[in-house]
S.K.: 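Before I ask anything, here is the structure I am working with.
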Amino acid sequence: MKICCIGAGYVGGPTMAMIAHQCSEHTVTVVDINQARIDAWNSEKLPVFEPGLDEIVAGARGKNLFFSTDIDQAIRDAEMIFLSVNTPTKTYGVGAGRAADLRYIEKCARKIAEVAENDKIVVEKSTLPVRTAESVKRILESNSNGRKFQILSNPEFLAEGTAMTDLQAPDRVLIGGDQTPEGKLAIQKLVDVYATWVPRERVLTTNLWSSELSKLTANAFLAQRISSINAISALCEATEANVDEVAHAIGTDSRIGPKFLKASVGFGGSCFQKDILNLVYLCEHFGLPEVAAYWNSVIEMNDYQKHRFSHRVISAMFNTVSDKKIAILGFAFKKDTNDTRESAAIYVCQDLLDEQANLAIYDPKVEVEQIQRDLGIDADHPNVSYCKDAYAATRDAHAILVLTEWDEFKALDFQRIYDQMQLPAFLFDGRNLLDLEALREIGFEASGIGKG
Ligand code: NAI
């Protein structure tokens, strides 16, 4: 089968690379309007950093995996077309700040209607509001001219940083489709693709609407756990309880479970906030204001946590960080990715720049230009410098902020760092990554999240 994927981003690239790697009998072409991105996918330096991705792409590229900007041809050739374009929060008009901006999805549907010459199975891989498939179907069917289109929903549950292992051994794959004979046939075609390497019992099939809504619900539940433990972290700080101990104590209850109970400076990433905002908007649209308010509080708690962290830093440093050098260790929204979308580091850095601090930023994978775009600053901003490693960032610093849980930060020589810092040497661990006791023995004024 010939497969096409529209959108060569963090999801389209890795997912299609895995399908090509696992299914040598299928040919997969990933297309995008962004020429630079496609060039990067065809180069040695891929546009997405994920452990294990380079090897999988290198093994399949040019054999049964192709990256191209010839969108029309790829659509014409394909029997199955994945839509993996971005669905950001709308910034204009009705629903601005909450609803999903579906213009990219709609453009794809119209493009398929325009150029397809025969029947197609169109697979929603992007995260979409429930009932989007209805709009996609109407656009395609009103322009069908005798061609038949089946729409499937196949949301992606990979997490950045572990995308390749998640794709290799997913907890489940979800496929929603029409419950008509043609719909079931289309579902079966996609089941067969995944069944090449995913145990059949892990491939779940549902109707379209359950599948679309399950993705938003999964992200809402995951983010809610983080906001719940972060809310408790504030109470821990007020009461001398230790949030790691509380998380362990409740996580051993099998009804609660141990995962996603790590307190931090706040969740980031391109998905959680946007998908919950979208859920909130949908609830309001369907006349459910109480449900909307409930989920909105997950975001409010996350905003509170990010700003609470900056305020704690300022307050501990004698209520002023003006002209002080602050080392920022980590800018990505989590470890093992170069993605900074909605990273807590952006908000914390902006708070500190508002207070006229001097920031020395180091992240092992994020490009300097990306940091500048995220902070909305020019390359020569006088208060921000970019460092080649953690030692350069912490030289003469008044404080260190750990904002991403990169493994390499655990292996730093903190005695060496302490010796080159201004005293008192403050360290704020926004990820509860480091051994605070050991740091205090060196002399650091070290604090974490939710630890008294
Ligand atoms: P991205 O922004 O990295 O990639 C989207 C790509 O689509 C861009 O390269 C863009 O140029 C391209 N594109 C947009 N309109 C196009 C068009 N009309 N024709 C051709 N290409 C077009 O986005 P990402 O992170 O890959 O996300 C894609 C979808 O997957 C979103 O709906 C997101 O919510 C969802 N998702 C993302 C996850 C993540 O971890 N990033 C995880 C699970 C789902």
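Every number for a ligand or one of its atoms is a count from 1 in the order of the listing. These numbers come from a predicted model, not from an experiment.
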S.K.: If you have a sec, work out which protein heavy atom is nearest atom 43 (C) of ligand 1 and how many Å separate them, to one decimal?
M.R.: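 Nearest neighbour among protein heavy atoms for atom 43 (C) of ligand 1, to 0.1 Å: E156 O, 3.2 Å.
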
S.K.: Tell me, which protein residue and heavy-atom name are nearest atom 4 (O) of ligand 1, and how many Å apart are they?
M.R.: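 Here the closest protein heavy atom is G9 CA, 3.3 Å.
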
S.K.: Counting C-beta onward and ignoring hydrogens, is there a side-chain heavy-atom pair between K184 and Q179 closer than 4.5 Å?
M.R.: yes

S.K.: What part of S270, side chain, backbone, both or neither, has a heavy atom within less than 4.0 angstrom of ligand 1?
M.R.: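 Near ligand 1, S270 shows its side chain, while the N, CA, C and O stay back.
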
S.K.: Any idea which of K111, R341, E160, R37 brings a heavy atom closest to atom 40 (O) of ligand 1?
M.R.: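 Looking at heavy atoms only, E160 sits closest to atom 40 (O) of ligand 1.
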
S.K.: Should you measure from each heavy atom of Y10, which atoms of ligand 1 turn up under 4.0 Å away?
M.R.: 3 (O), 24 (P), 25 (O), 26 (O), 41 (N)

S.K.: For atom 9 (O) of ligand 1, which protein heavy atom lies nearest, and how many Å away is it?
M.R.: D32 OD2, 2.6 Å

S.K.: Nearest 0.5 Å please: distance from the CD1 atom of I449 over to the CD1 atom of I229.
M.R.: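 It comes to 12.0 Å.
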
S.K.: Identify the closest protein heavy atom to atom 37 (C) of ligand 1: which residue and atom is it, and at what distance?
M.R.: V11 CG2, 3.2 Å

S.K.: Could you say whether the N/O atoms of K125 and ligand 1 ever approach to under 3.5 Å?
M.R.: no

S.K.: Tell me the protein heavy atom at minimum distance from atom 20 (C) of ligand 1, and give that distance in Å.
M.R.: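 Closest protein heavy atom to atom 20 (C) of ligand 1: I6 CG2, 3.3 Å.
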
S.K.: When you check the side-chain N and O atoms of Y294 and Q224, is any donor under 3.5 Å from an acceptor?
M.R.: yes

S.K.: Once you restrict to heavy atoms under 4.0 Å, what part of I71 touches ligand 1? Side chain, backbone, both or neither.
M.R.: side chain

S.K.: Counting each atom of ligand 1 from 1 as listed, which ones have a heavy atom of S84 under 4.0 Å away?
M.R.: 5 (C), 28 (C)

S.K.: Could you check whether E367 pairs with K45 (Lys NZ or Arg NE/NH1/NH2 to Asp/Glu carboxylate O, under 4.0 Å)?
M.R.: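 Yes.
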
S.K.: Could you label the plane-to-plane angle of the F67 and W41 rings as parallel, tilted or perpendicular, counting under 30° as parallel and over 60° as perpendicular?
M.R.: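 Judged by the thresholds at 30° and 60°, the geometry between F67 and W41 is parallel.
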
S.K.: For atom 33 (C) of ligand 1, grab the closest protein heavy atom and report residue, atom and distance to one decimal in Å.
M.R.: K274 NZ, 3.8 Å

S.K.: Heavy-atom pairs closer than 4.0 Å: do any link ligand 1 to the side chain of C271, the backbone, both, or neither?
M.R.: side chain

S.K.: Yes or no on side-chain contact (heavy atoms from CB on, under 4.5 Å) for L216 and T127, after CA distance, side-chain angles and deciding distance?
M.R.: CA-CA 7 Å; L216 291 185; T127 302; 3.7 Å; yes

S.K.: Do the rings of Y281 and H285 sit parallel, tilted or perpendicular, given the 30° and 60° boundaries?
M.R.: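 Y281 and H285: parallel rings.
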
S.K.: Quick one: nearest non-hydrogen protein atom to atom 21 (N) of ligand 1, plus distance?
M.R.: I33 N, 3.5 Å

S.K.: Check L436 against G448 and note the closest heavy-atom contact, atom names and distance.
M.R.: CD1-N, 3.4 Å

S.K.: To the nearest 0.1 Å, how far is atom 35 (C) of ligand 1 from its closest protein heavy atom, and which atom is that?
M.R.: T127 OG1, 3.5 Å

S.K.: Do D72 and K111 meet the salt-bridge criterion of a basic N to acidic O distance under 4.0 Å?
M.R.: yes

S.K.: Between Q188 and D192, does any side-chain donor sit less than 3.5 Å from a side-chain acceptor?
M.R.: yes

S.K.: Heavy-atom contacts with K215 under 4.0 Å: which atoms of ligand 1 show up? List them by number with element.
M.R.: 43 (C)

